[in-house]
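Chain naming here is simple, since letters A, B, ... match the order of the sequence lines and numbering starts at 1 in each.
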Amino acid sequence: MTPSAGPQTHLFADMLARVRDAAASVLGEGTDLSRIVVEPPRDASHGDMATNAAMVLAKEAGRNPRDLATAIAEKLRTDTQIDKVDIAGPGFINLTLKPEVWPEALRAVLAQGKAYGKGTVGAGHKVNVEYVSANPTGPLHVGHGRGAVFGDALASLLAAAGYDVTREYYINDAGAQVDVLARSAFLRYREALGEDIGEIPEGLYPGDYLKECGHELVNDYEDSLKQMPESEWMPIVRRRATDMMMAEIRNDLARLRIVPDVFFSERSLIEGEEPDPFAAEPPPARAADIVVETIDSLRAQGHVYEGRLPPPKSGNLEDWEDREQTLFRSTDFGDDVDRPLLKSDGSYTYFATDIAYHKSKVDRGFADMIDVWGADHGGYVKRMQAAVKAVSGGKAVLDVKLVQLVRLLRNGEPVKMSKRAGDYITLREVVDEVGKDAVRFDMLYRKNDAVLDFDLAKVIEQSRENPVFYVQYGHARGRSIFRTVAADMPQLDTGAAALKAADLTRLTDAGELSIIRKLALYPRMIEAAAQAHEPHRVAFYLYELASEFHAQWTRGGKESPHLRFIIQDDPQTTLARLALVQGIVTVLASGLDLLGVEAPDEMR
RNA sequence: GCGCCCGUAGCUCAGCUGGAUAGAGCAUCAGACUUCGAAUCUGAGGGUCGGGAGUUCGAAUCUCUCCGGGCGCGCCA
């Protein structure tokens with residue numbers, strides 16, 4: 001196996017396999033090797049890679065770590081790709097690879113191009129990533145944007161790791177809130193007919209965004225809706241209003257380069273309406289009420305019963321009424337209390353339809369599903385995971401990623417917002433103001449469970465220190481080298497084939513070798529970030545790679561001109577260094593693409 | 001009261017599923033542009049990883065317990 005054997009493997013995975021073989025040959029087959037890790041050492045002077053194999057296996061083997069390390073090291077010393085094996089500290093095995101490994105690692109980047117870093121850990125696994133899933137009752141705000149960006153980048157990351165990914169948006173179009181939306185739209189419809197509607201009553205949506213909907217209803221129905229009782233116009237107006245809102249939301253998402261594969265309507269679970277109003281192909285016929293079906297099936301398995309719940313602990317008992325109701329036995333699956341499926345008026349709780357929805361994911365073949373929710377839904381996680389267990393017979397796993405709230409600031413001052421008053425900053429406004437790339441990168445440059453301060457002024461004014469421009473500048477700078485060399489050394493062939501054939505052993509500078517090591521780490525980073533469901537790792541990796549590149553660039557200043565990437569009278573060295581730059585540019589572009597951020601050729 | 005999340009440099013945050021001497025950016029101070037792009041780089045100072053106990057070869061990371069902050073706790077979604 002060589003490092004360039006293809007996307008199935010990479011330097012670290014390859015070495016991990018070798019270390020496991022060595023460990024197995026010392027301790028015998030059947031040893032648990034799963035905890036062994038091969039990673040870059042903290043300190044480069046320790047070598048190229050380090051493994052904890054001896055320390056992890058010592059206890060089970062009943063040997064002391066240093067002795068075991070000695071035995072494993074002995075095996076590794078025979079490996080053709082390993083130059084030096086040292087034992088250090090409590091039993092680390094430090095590996096120094098043969099010098100020729102690194103040129104090959106860089107050549108693998110050049111050979112694979114955009115495919116470099118793509119892995120296969122997810123091969124054969126379908127994953128459903130559900131994100132945003134906002135009520136279609138108003139424009140998206142910045143908090144929705146964070147969930148959307150996070151979910152989208154996570155989906156891209158999983159796809160890069162080989163998973164078969166579906167990006168899904170669950171339209172909450174069945175609750176009381178969309179009825180409120182419809183009444184609000186109906187008011188705008190009357191307004192469009194010339195009626196003086198005065199102040200928007202308390203409890204309805206006051207935003208101007210429904211005025212257009214009112215006009216459209218007049219165009220299509222004239223004043224006929226006005227003659228109908230609410231029960232008749234409600235379905236018409238509701239459908240029109242939610243469709244319009246969803247069109248707006250899709251537009252907002254598209255501006256962030258977010259395009260879900262599936263829009264799944266909650267109402268479709270209940271009424272058998274089209275589940276995806278935007279589907280290219282008509283949906284398959286459905287049973288009239290999938291929620292009933294789901295509950296019945298759970299009841300048949302003994303997971304649903306009629307019973308009573310203790311009063312809620314929130315202190316607010318005003319509306320509390322002790323009564324027998326239909327409950328899901330979620331405590332059998334790890335939840336704290338059993339959860340109601342029906343409201344007192346007989347309609348489904350949100351949870352009930354959500355169970356049916358997640359069952360549909362199971363039915364569609366997803367054993368892995370990820371939901372991206374706002375942090376205020378944290379109390380909902382256990383019951384949903386319980387439901388997924390019940391509905392899949394324990395075969396499916398739901399991971400819920402909670403996205404913390406976004407504090408919108410301008411020059412450090414909180415931006416005042418009130419949804420009730422209808423005066424809040426929309427996601428679209430923010431994207432228009434600071435740009436898609438800054439929004440996306442900023443939101444991905446943090447863990448999902450950390451509160452995010454998003455300062456509109458700083459994102460623009462401090463653009464010089466903004467990480468997104470730092471990384472993009474790295475890419476543009478790399479591309480500019482190729483423009484320069486084309487002008488200064490027109491006789492030099494810098495095509496892909498020439499770069500691949502370059503004499504990469506000329507890359508001997510410590511900075512150059514460090515960059516190659518960083519590039520070699522990329523596939524491992526993708527794999528780990530995908531398995532941990534942590535797209536922010538990609539952003540940090542890119543920042544570090546750009547940083548090493550910027551540093552290497554500046555080293556070739558007037559103190560050490562021999563370290564420049566372009567050496568006019570040395571075409572061979574120039575070519576080798578251009579190959580390195582190409583590797584950097586390739587990985588930067590690839591990583592930025594995962595984050596949905598552009599990789600510009602220039603940014604003057 | 002219970003559950004979940006968070007607490008790391010003055011500020012904003014990483015810390016690669018338990019590894020070696022805890023790292024970046026901003027801010028502060030001192031430096032590098034007749035340069036392949038200075039939207040860049042080099043260096044310095046700055047830490048009881050909220051406190052305490054435990055688990056083990058080894059803890060910012062796992063367990064317990066306090067402290068402090070956030071979210072949630074039928075018929076909102």
Out of [options], which nucleotide sits closest to the side chain of [X]?
X      : options             : value
A:Y473 : B:C36, B:U40, B:C57 : B:U40
A:D449 : B:U17, B:C6, B:G37  : B:C6
A:Y380 : B:A77, B:G37, B:C36 : B:A77
A:R524 : B:C36, B:A14, B:U17 : B:U17
A:N135 : B:A77, B:A14, B:U17 : B:A77
A:M603 : B:C76, B:C36, B:A39 : B:A39

What does [X] touch in the nucleic acid at a heavy-atom separation under 4.0 angstrom: a base, only the sugar-phosphate, or nothing?
X      : answer
A:T484 : sugar-phosphate
A:R446 : sugar-phosphate
A:N94  : base
A:E321 : base
A:P65  : nothing
A:R339 : nothing
A:A529 : nothing
A:L309 : base
A:F540 : sugar-phosphate
A:R323 : base
A:R66  : nothing
A:Q472 : nothing

How many whole angstroms separate atom [atom1] of [X] from atom [atom2] of [N]?
X      : N     : atom1 : atom2 : answer
A:Y541 : B:C13 : OH    : P     : 25 Å
A:Q385 : B:G3  : CD    : P     : 17 Å
A:R407 : B:C13 : CZ    : P     : 8 Å
A:L409 : B:U12 : CG    : P     : 11 Å
A:R537 : B:G15 : CZ    : C1'   : 10 Å
A:D43  : B:U21 : CG    : P     : 10 Å
A:E548 : B:G25 : CD    : P     : 13 Å

Under 3.5 Å between N/O atoms: give me all the protein pairs with nucleotides 67-71 of chain B, atom names plus distance.
unit_1: B:C71; atom_1: O2'; unit_2: A:A375; atom_2: O; d: 3.0

Original post:
Where does the angle between the aromatic ring planes of A:F565 and A:W553 fall among parallel (under 30°), tilted (30 to 60°) and perpendicular (over 60°)?
Top reply: tilted
Original post:
Between A:F12 and A:H10, what is the ring plane arrangement, given parallel below 30°, perpendicular above 60°, and tilted in between?
Top reply: tilted
Original post:
Does the side chain of A:S480 get closer than 4.0 angstrom to OP1 or OP2 of B:G37 through an N or O atom?
Top reply: yes
**OP:** Check whether any side-chain N or O of A:K382 sits under 4.0 Å from OP1 or OP2 of B:C5, and answer yes or no.
**Re:** no
Measuring only the [atom1] atom in each nucleotide, how far is [N] from [M]? A whole number of Å is fine.
N     : M     : atom1 : answer
B:G45 : B:G23 : P     : 13 Å
B:G47 : B:G10 : P     : 7 Å
B:A30 : B:U34 : C1'   : 24 Å
B:G15 : B:A24 : C1'   : 10 Å
B:G31 : B:A38 : C1'   : 14 Å
B:C13 : B:A60 : C1'   : 14 Å

Original post:
Quick one: salt bridge (Lys or Arg N to Asp or Glu O under 4.0 Å) partners of A:D453, sequence neighbours excluded?
Top reply: A:R407
**OP:** Please round to the nearest 0.5 Å and tell me the distance separating atom CG of A:D509 and atom CG of A:L507.
**Re:** 9.0 Å
How about [X] and [Y]: are their ring centres within less than 6.0 Å of each other?
X      : Y      : value
A:F92  : A:H46  : no
A:F441 : A:Y445 : yes
A:Y357 : A:F264 : yes

Original post:
Name the stems that RNA chain B belongs to, where each is three or more consecutive Watson-Crick or G-U pairs with both distances under 3.5 Å?
Top reply: B:1-5 with B:69-73, B:10-13 with B:23-26, B:28-32 with B:40-44, B:50-54 with B:62-66
**OP:** Go through the N and O atoms of the side chain of A:R483 and the base of B:C36, and report whether any donor-acceptor pair is under 3.5 Å.
**Re:** no
Could you pull out all residues at least two apart from [X] that satisfy side chain to side chain contact (heavy atoms under 4.5 Å, CB included)?
X      : result
A:D442 : A:F454, A:V459, A:N466
A:A589 : A:H475, A:A599
A:H303 : A:L298, A:Q301, A:F328, A:F333, A:A390
A:S344 : A:R323

Protein N or O to nucleotides 41-47 of chain B N or O, pairs below 3.5 Å:
unit_1: B:C41; atom_1: OP1; unit_2: A:Y470; atom_2: OH; d: 2.3
unit_1: B:C41; atom_1: O4'; unit_2: A:T554; atom_2: OG1; d: 3.1

Subject >> Residues in contact with RNA chain B, drawn from residues 45-59 of chain A - heavy-atom cutoff 4.0 Å >> reply: A:H46, A:A50, A:N52, A:M55
Give me each pair satisfying salt bridge (charged side-chain N to carboxylate O under 4.0 Å, His left out) with a member in [range], each pair once, sequence neighbours excluded.
range                       : value
residues 47-65 of chain A   : A:D48-A:R517
residues 338-350 of chain A : A:D335-A:R339
residues 467-483 of chain A : A:R479-A:D601

**OP:** Classify the glycosidic conformation of B:U17 as syn or anti, calling it syn when the angle lies within 90° of 0.
**Re:** syn
Original post:
Just checking, is any N or O donor in the side chain of A:D371 or A:Y170 under 3.5 Å from an acceptor N or O on the other one?
Top reply: no
**OP:** Please check if the side chain of A:N448 supplies one atom and the backbone of A:L402 the other of a donor-acceptor pair under 3.5 Å.
**Re:** yes
Subject >> Backbone N/O of A:G556 and side chain of A:S560: donor-acceptor pair under 3.5 Å >> reply: no
Subject >> Electrostatic pair A:R524-A:E527, nearest N-O below 4.0 angstrom >> reply: no
